[in-house]
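We count residues from 1, following the sequence as given. Everything quoted here is computed from the prediction, not taken from an experiment.
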Amino acid sequence: MAPTELATTGRRPRGVDTRRQTIWIWAFLTPTIVLYGLYTLYPIVASYWYSLVEWNGFSSSQRFVGISNYQAVLADPAFWSSVKITLVFMLLVAPARILLSLLLAMLLNSPKLPLRNVFRTVYFLPVVTTTAIVGVVMQFVFDPASGPFTAFLKALGSDAGIDFLGDSGTALVTAAAVYVWKFFGITMVYWLAALQTIPNELYEAARIDGAGSFHIFRYVSLPLLTPFLLIITVLTVEDTFHAFDLMQTMTGGGPFFSTEIIEIYIYRWAFSASIPQLGFASAAAVLFGLFVMLVGALQAWALVVARRSRKELS
C-alpha cells in the first residue's frame with residue numbers, strides 16, 4: 001500500500017501490521033524459549049556428554065571414558081533391580097488408576113448424582129497438592145507407633161502396628177497405593193472428558209430398548225471409549241515412570257532398596273554417594289530415557305494397530 005493510499009484510507013499497510021504482530025509474538029516467546037533452553041534442552045545435551053566422561057561433579061577435570069559408564073551401568077545388578085522395581089510399580093499403579101478412575105468417572109458423570117461437582121473437586125484436590133509434602137505426610141500417616149492408619153487398624157482389632165513403609169514386603173505396594181490416590185483425580189478428569197463426548201441420545205435409545213446399566217456400558221460406552229482408553233493408558237504409563245519426588249520423600253528407595261526405582265538409583269549415584277559419580281549417573285539417566293522412549297514407541301505402535309483393526313472391522 002502506497003503512502004498516498006495510507007493517507008486516503010487512514011489504515012496501515014497489512015504487511016506492517018503482520019510484522020508488528022510477529023515482533024510481539026517473538027517478544028513474548030523469547031523468555032520461555034531462553035528458560036526452556038537453559039533448564040531443559042541444555043541439561044539433556046549435557047547429560048549425554050557427562051555419560052561419556054568420568055567426573056565427580058566437583059573437580060574441573062573430566063576424563064573421557066567413552067562407553068565405559070554404559071558398560072558399568074549395564075553390568076550393575078542394582079540397575080536391573082531398579083528397572084524391575086520400576087516395571088512392578090507401573091503394573092501396580094497404571095491398571096488401578098485407569099480402571100478405578102473410569103468407574104468413579106461414570107458415577108460422577110451421572111446427572112442424577114447430587115453434589116457431583118463437589119465430589120469431582122474433592123477427588124481432584126490431591127492432584128494439586130505438592131507431591132513432596134504428600135510423601136512427608138504419608139510417613140506420619142503410616143507410622144507404626146502412632147500413625148492414624150495404625151490407630152485405625154487397632155480400632156478394627158489388630159494388636160500390633162504394621163510398618164508398611166519399613167517392611168520390604170509392603171513398602172512398594174503402599175507407595176503405589178499412595179501414588180494412585182495422589183494422581184487419581186487427573187485420570188478421572190480424562191475419563192469425564194471422554195464420557196461427555198458420548199451423546200445422551202444413545203443412552204436414551206438403549207434404555208428404551210430395555211438395556212440395563214451393564215449392557216449400556218458394554219455395548220454403548222465401552223466401544224466409544226476405546227480410543228480414549230488407549231490415549232489415557234499411554235499418558236498413565238508414562239506418568240508412572242516419574243515418581244521420584246513421592247518415592248524419595250516416603251521411602252528414599254528403602255527399605256533394603258525394595259522401592260529403589262530407576263530415578264532414585266540415578267539420584268543415589270549422582271548426589272547421595274560418598275563420592276558422586278556424575279558420569280555413571282548420567283549414563284544411567286540416558287538409558288532410562290531410552291527405556292521410556294521405547295515404551296512410548298511400543299504404545300504408539302499399539303495405538304496404530306488398534307486403529308487399523310477398527311478400520312478393518314468397519
Quiz item: With no hydrogens and no angle check, is any side-chain donor or acceptor of Ser81 less than 3.5 Å from a backbone partner on Pro77?
Solution: no

Exercise. Kindly determine whether Phe280 and Glu54 satisfy side chain to side chain contact (heavy atoms under 4.5 Å, CB included), including the steps that lead there.
Key: CA-CA 7 Å; Phe280 184 90; Glu54 182 180 340; over 6 Å; no

Quiz item: Between the side chain of Thr150 and the main-chain N/O of Asp143, is any donor-acceptor distance below 3.5 Å?
Solution: yes

Quiz item: For Ile275, does the CD1 atom have more than 12 heavy-atom neighbours from other residues, nucleotides or ligands under 6.0 Å away?
Solution: no

Quiz item: Within the side chain of Ser51, is there an N or O that forms a donor-acceptor pair under 3.5 Å with the backbone of Ala283?
Solution: no

Quiz item: What are the two closest non-hydrogen atoms of Gly57 and Leu278, and how far apart are they?
Solution: CA-CD2, 3.8 Å

Self-check item: Leu104 side chain reached by Phe184 side chain, heavy atoms, under 4.5 Å
Solution: yes

Quiz item: If you group Ile, Leu, Val, Met, Phe, Trp and Tyr by side-chain heavy-atom gaps below 4.5 Å, do Leu113 and Leu100 land in one group?
Solution: yes

Quiz prompt | Derivation of the side chain to side chain contact (heavy atoms under 4.5 Å, CB included) call for Leu92 and Val180 | solution = CA-CA 9 Å; Leu92 289 173; Val180 170; over 6 Å; no

Exercise. Determine whether Phe164 and Phe256 fall in the same hydrophobic cluster, where Ile, Leu, Val, Met, Phe, Trp and Tyr are linked whenever their side-chain heavy atoms lie under 4.5 Å apart.
Key: no

Quiz item: Same cluster for Val237 and Ile98 if Ile/Leu/Val/Met/Phe/Trp/Tyr side chains link at under 4.5 Å?
Solution: no

Exercise. Decide yes or no for Asp239 and Ile186: does some side-chain heavy atom of the first lie under 4.5 Å from some side-chain heavy atom of the second?
Key: no

Quiz item: Under 6.0 Å from the CZ atom of Phe152, do we count more than 12 heavy atoms belonging to anything else shown?
Solution: no

Quiz item: Do Tyr48 and Val45 have side-chain heavy atoms sitting under 4.5 Å apart?
Solution: no

Practice problem: Would you confirm whether Lys182, through its side chain, and Leu246, through its main-chain N or O, come within 3.5 Å as a donor-acceptor pair? | Solution: no

Quiz item: Does Ile67 CD1 have over 12 foreign heavy atoms under 6.0 Å away?
Solution: no

Quiz prompt | Main-chain N/O of Ile262 paired with Thr86 side-chain donor or acceptor, under 3.5 Å | solution = yes

Quiz item: Got a sec: does the OH of Tyr203 have more than 12 other heavy atoms crowding it under 6.0 Å?
Solution: yes

Practice problem: Go through the side-chain N and O atoms of Trp55 and Gln277 and say whether any donor and acceptor fall under 3.5 Å apart. | Solution: no

Quiz prompt | Reported CG-to-CG distance for the pair Leu235 and Leu230, which is rounded to 0.5 angstrom | solution = 11.0 Å

Quiz item: Taking all non-hydrogen atoms of both residues, which atom of Ser258 and which atom of Leu172 are closest, and how far apart?
Solution: O-CB, 4.2 Å

Self-check item: Among Phe288, Phe271, Tyr267, ring pair (Phe, Tyr, Trp, His ring centres under 6.0 Å) partner for Phe244
Solution: Tyr267

Quiz item: So, the side chain of Gln139 versus the backbone of Met250: is there a donor-acceptor pair under 3.5 Å, distance only?
Solution: yes

Quiz item: Taking a hydrophobic cluster as the set of Ile, Leu, Val, Met, Phe, Trp and Tyr residues connected by side-chain heavy atoms closer than 4.5 Å, whether directly or through intermediates, do Val141 and Ile133 fall within one such cluster?
Solution: yes

Self-check item: Centroid-centroid under 6.0 Å between Phe228 and Tyr190 rings
Solution: no

Self-check item: Minimum heavy-atom distance Trp181-Pro126, with the two atoms named
Solution: CZ2-CG, 3.7 Å

Self-check item: Connected via hydrophobic side-chain network under 4.5 Å: Leu99 and Val234
Solution: no

Self-check item: Rounded distance (nearest 0.5 Å) linking atom CG of Leu192 with atom OG1 of Thr187
Solution: 11.0 Å

Practice problem: Please examine the side chains of Phe58 and Pro276, heavy atoms only from C-beta on, and report whether any two atoms are closer than 4.5 Å. | Solution: yes

Quiz prompt | Nearest-0.5 Å distance that lies between atom OG1 in Thr174 and atom CG in Asp163 | solution = 9.0 Å

Practice problem: Write down the atom of Thr240, the atom of Ala94, and the distance for their closest heavy-atom approach. | Solution: CG2-N, 4.3 Å

Quiz item: Can you tell me how far CG of Leu287 sits from CG of Leu74, rounded to the nearest 0.5 angstrom?
Solution: 5.5 Å

Quiz item: Side chains of Thr236 and Arg97: do they bring a donor and an acceptor to under 3.5 Å?
Solution: no

Quiz item: Would you say the side chains of Asn56 and Ser59 form a donor-acceptor pair under 3.5 Å?
Solution: yes

Self-check item: Straight-line distance of Asn200 CG to Arg207 CZ, nearest 0.5 Å
Solution: 8.0 Å

Quiz item: Does the Thr121 side chain pair with the main chain of Asn117, one donor and one acceptor, at a distance under 3.5 Å?
Solution: yes

Quiz item: Do the side chains of Phe142 and Val137 get nearer than 4.5 Å, heavy atoms only?
Solution: no

Quiz item: Which atom pair, heavy atoms only, marks the closest approach of Ile264 to Gly253?
Solution: CD1-N, 3.7 Å

Quiz item: Do Leu225 and Ile198 have side chains that get closer than 4.5 Å, going by heavy atoms?
Solution: yes

Exercise. Taking atom types as modelled, find out whether Thr259 and Thr251 have a side-chain donor-acceptor pair closer than 3.5 angstrom.
Key: yes

Quiz prompt | ring pair (Phe, Tyr, Trp, His ring centres under 6.0 Å) between Phe79 and Tyr265, intermediate numbers included | solution = CA-CA 7 Å; Phe79 172 75; Tyr265 174 86; 5.7 Å; yes

Exercise. State, with a plain yes or no, whether a side-chain heavy atom of Leu29 is found less than 4.5 Å away from one of Ile25.
Key: yes

Self-check item: Donor-acceptor under 3.5 Å (Thr22 side chain, Thr18 main chain)
Solution: yes

Practice problem: Please step through side chain to side chain contact (heavy atoms under 4.5 Å, CB included) for the pair Leu202 and Leu224, ending with a clear verdict. | Solution: CA-CA 11 Å; Leu202 295 178; Leu224 296 175; 3.7 Å; yes

Practice problem: Could you pull out the closest heavy-atom pair between Val65 and Asn69, with the gap in Å? | Solution: CG2-ND2, 3.7 Å

Quiz item: Given Tyr179 and Phe89, is the ring pair (Phe, Tyr, Trp, His ring centres under 6.0 Å) satisfied, shown in steps?
Solution: CA-CA 10 Å; Tyr179 193 86; Phe89 182 78; 5.3 Å; yes

Exercise. To the nearest 0.5 Å, tell me how far Thr233 OG1 sits from Ile231 CD1.
Key: 9.5 Å

Practice problem: Kindly determine whether Val292 and Glu238 satisfy side chain to side chain contact (heavy atoms under 4.5 Å, CB included), including the steps that lead there. | Solution: CA-CA 7 Å; Val292 174; Glu238 293 287 344; 3.1 Å; yes

Practice problem: Measure from the side-chain N and O atoms of Glu260 to the backbone N and O of Gly254, and report whether any donor-acceptor pair falls under 3.5 Å. | Solution: no

Quiz item: Got Met188 and Leu108 here, is their nearest side-chain heavy-atom distance under 4.5 Å?
Solution: yes

